[in-house]
Amino acid sequence: MSFDPKAHLAELLHAALQSVAPETPADIHLERPKQASHGDFASNLAMQLARALKDNPRKIAERLVRELPASPWLEKAEIAGAGFINFTLAPAAKTQIVRNVLTAADGFGRGTAPEGCRKVQVEFVSANPTGPLHVGHGRGAAYGASLASLLAFAGYQVCREYYVNDAGRQMDILAVSTWLRYLELFEEYVPFPPNAYQGGYVREMAEQVKATHQDRYVHSAEAILACAPPAPPRREDGAYTKDEKEQLESHLDGLISAAKDLLGEEWAYVHQHALTEQLADCREDLEAYGVHFDCWFSERSLYDTGMVAKAVAELERRGHIYVQDGAKWFRSTDFGDEKDRVVQRDNGLYTYFASDIAYHANKFERGFDKVIDIWGADHHGYIPRVRGALKALDIDDGKLDVALVQFVSLFRDGAKVSMSTRSGEFVTLRELREDVGNDACRFFYLLRKSDQALDFDLTLAKSESSDNPVYYVQYAHARICSVLGQWGGEAGGLAAADLGSLQSERELALCARLAEFPEVIAASARDYAPHAVAFYLRELAADFHGWYNAERLLVEDEQAKLARLALAVAVRQVLRNGLRILGVSTPEAM
RNA sequence: CCGCCCGUAGCUCAACCGGAUAGAGCACCGGCCUUCUAAGCCGGGGGUUAGGGGUUCGAGUCCCUUCGGGCGGACCA
């Protein structure tokens, strides 16, 4: 069994506490001081006890240190500052971590999920399949994928899910956009609405439909326009008034119902074609980004299987629904929301919220102990009503966590780039990946907290891609691989190396850094903060680069050489374990 | 007006659920390649943590308040 210095010190302190203040309960908390001169671990136990014992913290610290049982692993325990006890470990207590890492290998740092909280679902991206993913989705994807990997590494059984919004009006708009572009190919010109999807991919889909089915879906422009309320006069600058915007929306709705009427059964084909194409494109994009999903959950399936109706009926049965102005309202104010919400409109259609209630009820029916939704920050107002619905259905809403990812603003040459899917002038995730590279892209996103708004400077990201922090970490990995190659020995045998020659400050600091890894994993999994892993890896790489520059690894002395190689391989292992979580590759040469 | 996120070096960001002298990167200045990858290392300057008040041994962190920024406040998704 491997030796844990932190647990050992906690035991020593506990023993000392028993003789100094056996009656006083106190939790023993050890932390790693920021400053090296403060030792390897510090305890504030004496300060905690000061009030209960009505004594000076430093005096209490002195008594604790005096009562500390002797240990071969402890070099010294000093009292500092207001009453901290600083512990310095014996070198052997620090270097043994190298053996632990080499033995555990891929499993070093892995945790165990608490009993009864093992099955976790992480739902992320979930973008409408109405066009290419853009840089905002890229952030959600990077965050969600790393969080899922992090939780899996921390011992949870993780299901990665994408919620496909294939049932709503947005999909109808995409389908009708495709159809209008298709009609243009047959010289039937319906003025293309400015609020329909403008992107070039819509024309591509139109071409595909034409290639497969020729003129099968052609109807005259006159017939179509006759069914829809008129559009307002076109404004090239897009500055429509509020009234005109409403007109545009009803005009578009009119075109959609015209399409449904004229095409009849065949509308489903156009609709399905657009959905299938966009979903496939999205999936391919994400896979290439290294983001994988275990489950693609269809919103439409909730309607097809009656789950939406069932969820609303269940709320109704429990007396949380009332009818007003012909619509069904969920009394979410009873559960902490600021106003009640419509679940079924006066025209009989369910709202998006209704399917979301059914969706979340379904998530918990699937037996997850914890459900994590990753949403864009603009959805924050949505949280209380979803929680409210869960409470109304007697589902423990404490099992739902919502992580909000703040917006990404794109800057190019110092100017903000406007993004809008419908206008078609957004920067796609695909373009960004090809520009900056997958590794740099993912690492860049993860180098800041998800709840912090992010300015993505394209010019900078591209021009500085050669000294992007990700290369700094990968470079450390490549250097170690290179040294091992020149040594030519068998890395597997290094776990048995005598580590006694690892004595220098840098070497011991590097060992301490390695020992931190499991704690970093546990803390960042607890806080849903994969960025902490990225920061840790940068520090580990910095420690390594410093050591590498200061001391030669392949020295004459065989024992010293093997000890150093063992340390280097341990560093490489932790870099691998960490980068794997972040979805970043580990090149052997750069 | 109400709600959520936030305000830390010139810029982009950290700071282990209250700890010690607030740290990195970029940018700037000065050094280090006939020895394992210079995509690297070593050193230097740079701060009233937006302002004010409170809680306590101790506050960037918790509470109140002012100012400033972003995002929400649909029978849209």
Side-chain angles (χ1 to χ4, degrees), chain A residues 29 31-35 37-38 42 44 47-48 50-51 56-57 80-84 86 128 130 165 167-171 173 249 299 324-329 338-339 341-347 349-353 355-356 376-384 404 406-407 409 444 447-457 460 464-476 478-487 516 519-520 522-524 526-527 529 531-532 534-536 538-539 541-542 544-555 561 564-565 568 589-590:
Chain A
H29 181 66
E31 60 181 29
R32 297 174 185 275
K34 291 174 193 165
Q35 222 177 315
S37 64
H38 291 149
N44 60 356
M47 283 127 97
Q48 280 181 51
R51 183 175 298 176
N56 181 317
F84 289 98
N86 293 336
N128 285 337
T130 52
N165 299 123
R169 178 168 178 264
Q170 296 305 318
M171 269 312 301
I173 296 175
E249 295 304 321
E299 179 189 7
Q324 187 181 307
D325 302 330
K328 281 188 182 173
W329 297 70
E338 57 182 7
K339 55 179 285 194
R341 309 290 174 176
V342 172
V343 288
Q344 191 172 17
R345 282 177 274 190
D346 55 6
N347 61 10
L349 293 176
Y350 290 106
T351 59
Y352 180 83
F353 179 42
S355 53
D356 240 5
D378 55 334
H379 283 58
H380 66 78
Y382 207 72
I383 300 173
L404 296 177
Q406 291 288 333
F407 273 17
S409 307
F444 193 95
L447 221 41
R448 50 220 68 205
K449 282 190 298 199
S450 57
D451 60 4
Q452 189 89 294
L454 164 61
D455 289 343
F456 203 120
D457 189 327
L460 198 71
E464 289 195 343
S465 61
S466 68
D467 53 3
N468 189 300
V470 70
Y471 298 112
Y472 183 79
V473 178
Q474 289 179 319
Y475 187 48
R479 271 182 153 175
I480 296 168
C481 291
S482 170
V483 171
L484 282 171
Q486 284 167 58
W487 170 55
E516 264 182 64
E519 295 164 32
V520 169
S524 49
R526 179 198 64 205
D527 299 337
H531 78 276
F535 277 90
Y536 167 81
R538 221 172 47 168
E539 279 161 15
F544 173 76
H545 286 308
W547 177 52
Y548 179 92
N549 274 273
E551 290 178 79
R552 196 176 162 77
L553 274 66
L554 298 174
V555 289
K561 180 171 74 181
R564 287 176 190 187
L565 286 168
M590 289 176 72

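All values derive from a computational prediction rather than experimental measurement. Numbers restart at 1 for each chain; the letters A, B, ... are given by sequence-line order, proteins then strands.
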*asked:* Among residues at least two apart in sequence or on other chains, which ones pass salt bridge (Lys or Arg N to Asp or Glu O under 4.0 Å) with R479(A)?
replied: none

_R32(A): partners by salt bridge (Lys or Arg N to Asp or Glu O under 4.0 Å), with sequence neighbours left out_ = E519(A)

_d(CZ, R32(A); P, rC17(B)) in whole Å_ = 14 Å

Output all residues satisfying side chain to side chain donor-acceptor pair (under 3.5 Å) with [X], sequence neighbours left out; order by chain, then residue number.
X: Y472(A); value: none
X: N86(A); value: none
X: E539(A); value: R513(A)

*Considering residues at least two apart in sequence or located in another chain, which fulfil the ring-ring contact (aromatic ring centres under 6.0 Å, His included) criterion with Y475(A)?*
H545(A)

*Given rC41(B), is OP1 or OP2 found less than 4.0 Å from the side-chain N or O atoms of Y472(A)?*
yes

*Would you say R479(A) reaches rA38(B)'s phosphate, i.e. side-chain N/O to OP1/OP2 under 4.0 Å?*
yes

*Sequence neighbours left out, what passes side-chain contact (heavy atoms from CB on, under 4.5 Å) with N56(A)? Give chain and number order.*
R58(A), K59(A)

*Taking side chain as C-beta onward, heavy atoms only, is H38(A) less than 4.5 Å from F84(A)?*
no

Nucleotide N/O of nucleotides 20-24 of chain B paired with protein N/O under 3.5 Å:
residue, atom, partner, partner atom, Å
rA20(B), OP2, K34(A), NZ, 3.4
rA20(B), N6, N86(A), OD1, 2.8
rA20(B), N1, N86(A), OD1, 3.2
rA20(B), N1, N86(A), ND2, 3.1

Dump every N/O contact between nucleotides 2-4 of chain B and the protein below 3.5 Å, one line per pair.
residue, atom, partner, partner atom, Å
rG3(B), N2, H380(A), NE2, 2.5

